[in-house]
Amino acid sequence: MTLKLPKIYPITDREISGLSHTEQVRRLIAGGATLIQLREKRQQAGDWFNDALTAARICREAGVLCIVNDLVDMAIAIGADGVHLGQDDMHVAAARRLLGCGKIIGLSTHSIEQLEAALREEIDYAAIGPIFATSTKSDHEPVIGLKTLLNAAQTSGNVPLVAIGGLTAENLPAIFEAGASSAAMIGAILSDPERIAVIYRKLGQNAL
Ligand code: 3NM
């Protein structure tokens with residue numbers, strides 16, 4: 001069955017928000033989030049396990065889908081709803097065998113060629129980016145722009161396509177016009193931590 005993604009796909013970041021994953025999840029849920037990705041690039045898995053476990057429990061209790069970035073073992077350990085894999089992470093087929101067919105698998109791509117390859121795998125959604133320049137991911141691939149996003153949206157057919165990278169309230173309309181199903185955002189939601197709930201809610205309302 002095709003996964004129905006929210007228009008705004010929030011991703012946690014401890015560095016940008018200055019908050020634990022648990023606290024970010026609380027604030028995003030207060031803002032109406034229905035799916036949240038936990039993304040931790042700095043800490044060792046052992047160091048953020050308890051934080052991730054609590055964040056996942058809060059999501060579950062609120063009926064919010066919880067996706068773990070990169071780490072299939074962490075996703076299983078905390079009872080998450082799925083994983084978001086990068087090009088250098090575990091192969092989709094291996095992740096599917098570990099997770100089973102009831103879990104969500106998303107895959108990052110950075111070109112039409114990678115997207116075409118991703119669509120041959122057992123994924124629930126594909127992501128493509130960075131659409132615009134971003135300082136959130138220091139080692140990001142070259143910016144692809146709106147034209148490639150448009151091409152990607154046509155290529156992805158029924159598979160939901162998440163746009164990511166440099167997205168803001170201002171450029172969101174163009175993202176959806178190009179055909180993205182969902183907009184993944186970090187900095188635009190988290191950089192004013194006291195207003196995470198308000199910002200998420202506003203972005204979601206404007207994206208309808
Ligand atoms: N992945 P912001 S760009 C995590 O291109 C991530 O795959 C990207 O953060 C990709 O919304 C990116 O602050 C950073 O630009 C997104």
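For ligands, and for the atoms within them, numbers begin at 1 and follow the listed sequence.
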So, [X] side chain and [Y] main chain: donor-acceptor pair closer than 3.5 Å or not?
X: R14; Y: E40; value: no
X: D70; Y: L85; value: no
X: N151; Y: T148; value: no
X: R26; Y: A30; value: no

Which residue and non-hydrogen atom of the protein lie closest to [atom], and at what distance in Å?
atom: atom 11 (O) of ligand 1; answer: I186 N, 2.9 Å
atom: atom 3 (S) of ligand 1; answer: G165 CA, 3.8 Å
atom: atom 7 (O) of ligand 1; answer: H110 CE1, 3.0 Å

With a cut-off of 4.0 Å, which atoms of ligand 1 are near a heavy atom of [X]?
X: G187; answer: 2 (P), 11 (O), 13 (O)
X: R39; answer: 4 (C)
X: M185; answer: 11 (O)

Q. Rounded to the nearest 0.5 Å, how far does CD1 of I76 lie from NZ of K103?
A. 8.5 Å
[X]-ligand 1 polar pair, N/O distance under 3.5 Å:
X: L167; result: no
X: T134; result: yes
X: A184; result: no
X: T136; result: yes
X: I164; result: no

Q | Basic-acidic side-chain contact under 4.0 Å: D124, R96 | A | yes
Q. Less than 4.0 Å between a side-chain N and a carboxylate O, is that true for K41 and E15?
A. no
Q: Check whether any heavy atom of A188 sits under 4.0 Å from an atom of ligand 1.
A: no
Q: Would you tell me whether T2 and N158 have side-chain atoms, one donor and one acceptor, within less than 3.5 Å of each other?
A: no
(Q) Using 30° and 60° as the class boundaries, would you call the ring planes of Y125 and Y9 parallel, tilted or perpendicular? (A) perpendicular
Q: Select the closest option to atom 5 (O) of ligand 1 among P130, A127, A183, judged by heavy-atom distance.
A: P130
